[in-house]
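To start, the structure under review is shown below, and the notes come after it.
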Amino acid sequence: MSELSPRDTEDEEPLRDRIAANPRPAAIWAGVMGALLVVEAGALVHMFFEGLSIVLGGLPGEPAVALAESAMAAASEIPTLLSRELIPNQGYHNGSQWVGTFMGLSPGVSWAIRASLTTAYGFVFIWWLWRGYRVYRTHYRYADWTPRDDQFDRFSRHSWGKFGLIVVILFVIMAVFAPTLGPTTLEQNITDPYSNTIETWDAENQEVVEITAGEANIGSGSKGGSSNVGPLTYDDFERFHPFGTLPSGKDLFTFMMYGSRLSMFIALSSIVISGFIAAGLALATAYYKGLADLVTVVVSDSVQAIPVLMLAILIAVLFSDHWIAGLYNGGVLLVLLFSVVYWPFLWRAVRGPSFQVSEEDWVDAAKSFGQRPRTIMQKHMLPYIVGYLLIYGSMSLGGIIVSVAGLSYLGIGITPPTPEWGRAINLGQPYVASASWHIALIPGLMITLVVTGLNALGDGIRDAIDPQSEGGTADEAAVGGGA
C-alpha cells in the first residue's frame with residue numbers, strides 16, 4: 001500500500017471547497033458534459049415526459065395527464081441534434097433521385113447514418129461520465145489509493161466483463177434513443193398508423209401520392225412465401241426495414257427498439273426495488289439476529305416456494321380490470337410482481353456477508369460509542385454488501401427480461417399492441433420455417449445476447465470485487481468486498 005499523502009492527515013474539506021481551490025479540471029469536464037446534454041436535451045426531456053404521460057394515463061381519472069402531454073409537446077420543440085428531422089430517412093424515388101431523405105441519399109443509408117451517429121453519441125456520453133470519475137480521482141480525492149481503484153483496474157483487464165458492459169450500453173442506448181433509432185415512428189408503426197400518412201411515388205401517373213401508414217403496413221406484411229419483407233430490404237412503398245417486417249407489416253426494428261425500453265424499465269425498476277428490500281432486511285437481520293432473522297427466513301422461503309408463472313397468471317386475472325393494470329400497459333404491475341418475487345434471492349445473496357461484517361470489531365466499536373443502529377447499518381455495514389448486490393442484481397436483470405418475454409409470449413402481462421420482444425417471437429412462430437424466419441429469430445437472438453451480456457457484466461463485477469478469483473489473498477478479498 002502506498003504511503004499516505006500529507007493531505008490524508010488533514011481534516012477532510014467538502015468537495016465544493018476542493019473544486020473551488022482547483023476549478024479548471026472540473027470546469028472543463030462540466031463544460032463538455034453540458035454540451036453533450038444540450039445537443040440531445042430535447043430527446044432526453046421528451047423521453048422523461050413521455051414515460052410520465054404513459055404512467056399517469058393509467059391512473060383513475062387521468063390526473064395530470066394533460067399537463068404531462070403539454071410538457072411533452074413543449075419538449076418536442078427543443079432543438080435536438082441527432083433527430084429524425086435533421087437526418088430524415090423517409091422519402092420516395094421519383095424515377096431519377098430520392099426526395100425527402102438526408103442529402104438525397106437512399107432511406108437505408110440515411111437511416112444507417114442517423115443510427116450510427118446516435119450510437120456513437122451514446123458511447124461518448126458514457127465514456128465522459130467515466131472521465132468524470134477519473135477527474136475526481138486525479139484532482140479532488142484525498143486518498144492516493146482506495147480498494148475501488150484496484151477493482152476498476154481488475155475490471156479493465158476482464159475481457160468477458162468488458163464484452164458484457166458493451167452489450168449493456170448498447171441495450172441502454174436502444175431504450176433511451178428508440179424514437180431516433182427506429183426507421184419509422186411509433187405512431188406510424190404501432191399506436192396510430194391510420195392517422196399518419198406517408199408519401200410515395202406513383203410511377204404510372206408520375207406524381208406523389210399520400211396514403212396512410214396503416215394501408216402501407218397492410219401491404220408490407222411478412223407471412224412467408226411471396227409475402228415477405230426480410231432484413232435490410234425495402235417494401236413496396238420504398239420504406240427501409242433493417243430487421244424486416246412483422247406479419248402485420250409493422251417495422252420489426254422500431255418494434256424492437258421500443259420493446260427494449262419497456263424491458264429495461266421493468267427489469268431495472270424491479271431490481272432496484274428488490275435491492276432496497278433485500279439490503280434493508282439483510283442489515284436488520286444481521287444486526288438484530290434472532291427472531292428477526294428467523295421470521296425473514298420463513299417469509300423468504302415461502303415466497304421462493306411460489307411458482308412464478310402461476311403467480312403471474314393469478315395476478316393477471318385478479319387485476320385484469322383494475323386501474324393498476326393500465327399503468328404503462330401492465331408494466332408497473334409486472335414491476336410489483338418481480339419485486340416481490342426477486343427480493344428473497346437478493347436477500348439470500350447478501351445475508352452471509354451482512355452477518356460476517358456485523359461481527360467485525362469496528363461494528364462493536366461503533367456500538368460502544370453509542371451510535372444509533374440505523375447509523376451503524378448505513379455507515380459501517382451497507383458499503384460491505386453493495387458489491388454483492390451489484391453482482392447478483394446485474395445477473396438477475398437477465399432473468400427478469402427473459403421472464404417478461406416469456407409472459408408476453410403467452411399473452412400475459414403487457415397489453416397489446418405495446419411492443420415487447422416476447423410478443424414478436426409469438427407472432428413469428430408460425431413462420432419460423434418460411435422466408436419470414438426473421439420475425440421470431442431476431443428477437444430471440446437479441447434476448448439471448450442481452451441476457452448473456454448482463455451475465456458477463458455480473459461475472460466481471462464479481463471478479464473485480466473478489467481478488468481471490470485472480471489469485472489474491474483472503475485479506476484482499478475482505479478489503480475489496482467492502483469498497
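In what follows, every heavy atom counts, from backbone to side chain, and hydrogens, waters and symmetry copies are set aside.
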Mind checking whether [X] and [Y] have side chains closer than 4.5 Å, heavy atoms only?
X	Y	value
I190	Y258	no
L318	I315	no
I400	I271	yes
V208	V99	no
I198	Q188	yes
N89	F102	no
T180	S83	no
P417	K250	yes

Heavy-atom closest pair, residues [X] and [Y]:
X	Y	result
S354	L283	OG-N, 4.5 Å
S394	G458	OG-CA, 3.2 Å
S156	K162	O-NZ, 3.0 Å
I87	S110	CG2-O, 3.6 Å
D251	P183	OD2-CG, 3.2 Å
L252	A424	CD1-CB, 4.3 Å

Would you give the length of the straight line joining atom [atom1] of [X] to atom [atom2] of [Y], rounded to the nearest 0.5 angstrom?
X	Y	atom1	atom2	result
I166	I126	CD1	CD1	12.5 Å
L346	R351	CG	CZ	15.0 Å
S248	L427	OG	CG	7.0 Å
F171	L454	CZ	CG	7.0 Å
L186	T254	CG	OG1	8.5 Å
T119	R114	OG1	CZ	11.0 Å

Do we see a donor-acceptor contact under 3.5 Å between the side chains of [X] and [Y]?
X	Y	result
T101	Q90	no
S220	D235	yes
E187	S195	no
S96	N94	yes

Is there a ring pair (Phe, Tyr, Trp, His ring centres under 6.0 Å) between W343 and F276 once you walk through the steps? CA-CA 8 Å; W343 75 259; F276 271 110; over 10 Å; no
Do F255 and W421 have their ring centres less than 6.0 Å from each other? no
Under a 3.5 Å distance rule, please check whether [X] uses its side chain to pair with a backbone N or O of [Y] as donor and acceptor.
X	Y	answer
H93	G95	yes
D202	Q206	no
S269	I266	no
T418	I414	no
N329	T415	no
S436	N228	no
S116	I113	no
S222	V229	yes
S434	Y431	yes
N426	Y409	yes

Test log, rule side-chain contact (heavy atoms from CB on, under 4.5 Å), inputs V350 and L389: CA-CA 7 Å; V350 298; L389 281 175; 3.7 Å; yes
side-chain hydrogen bond (donor to acceptor under 3.5 Å, both in side chains), paired with R239, selected from T233, T245, T184, N217: N217
Kindly determine whether F123 and W127 satisfy side-chain contact (heavy atoms from CB on, under 4.5 Å), including the steps that lead there. CA-CA 6 Å; F123 274 97; W127 176 80; over 6 Å; no
Derivation and outcome, side-chain contact (heavy atoms from CB on, under 4.5 Å), residues L129 and M33: CA-CA 8 Å; L129 286 177; M33 176 55 72; 3.5 Å; yes
Check D463 with R157, please: is the shortest side-chain N to carboxylate O separation under 4.0 Å? no
Do other residues, nucleotides or ligands put more than 12 heavy atoms under 6.0 Å from the CZ atom of F152? yes
Kindly check if the number of other-residue, nucleotide or ligand heavy atoms within 6.0 Å of OH (Y392) is above 12? no
Yes or no on side-chain contact (heavy atoms from CB on, under 4.5 Å) for T212 and N196, after CA distance, side-chain angles and deciding distance? CA-CA 6 Å; T212 65; N196 291 271; over 6 Å; no
By side-chain contact (heavy atoms from CB on, under 4.5 Å) - contacts of D149 (at least two apart): Y133, R137, R141, W145, T146
Qualifying residues under side-chain contact (heavy atoms from CB on, under 4.5 Å), relative to S403, sequence neighbours excluded: F338, Y342
Restricting to pairs with a member in residues 193-237, which pass ring-ring contact (aromatic ring centres under 6.0 Å, His included), not counting sequence neighbours? Y234-F240
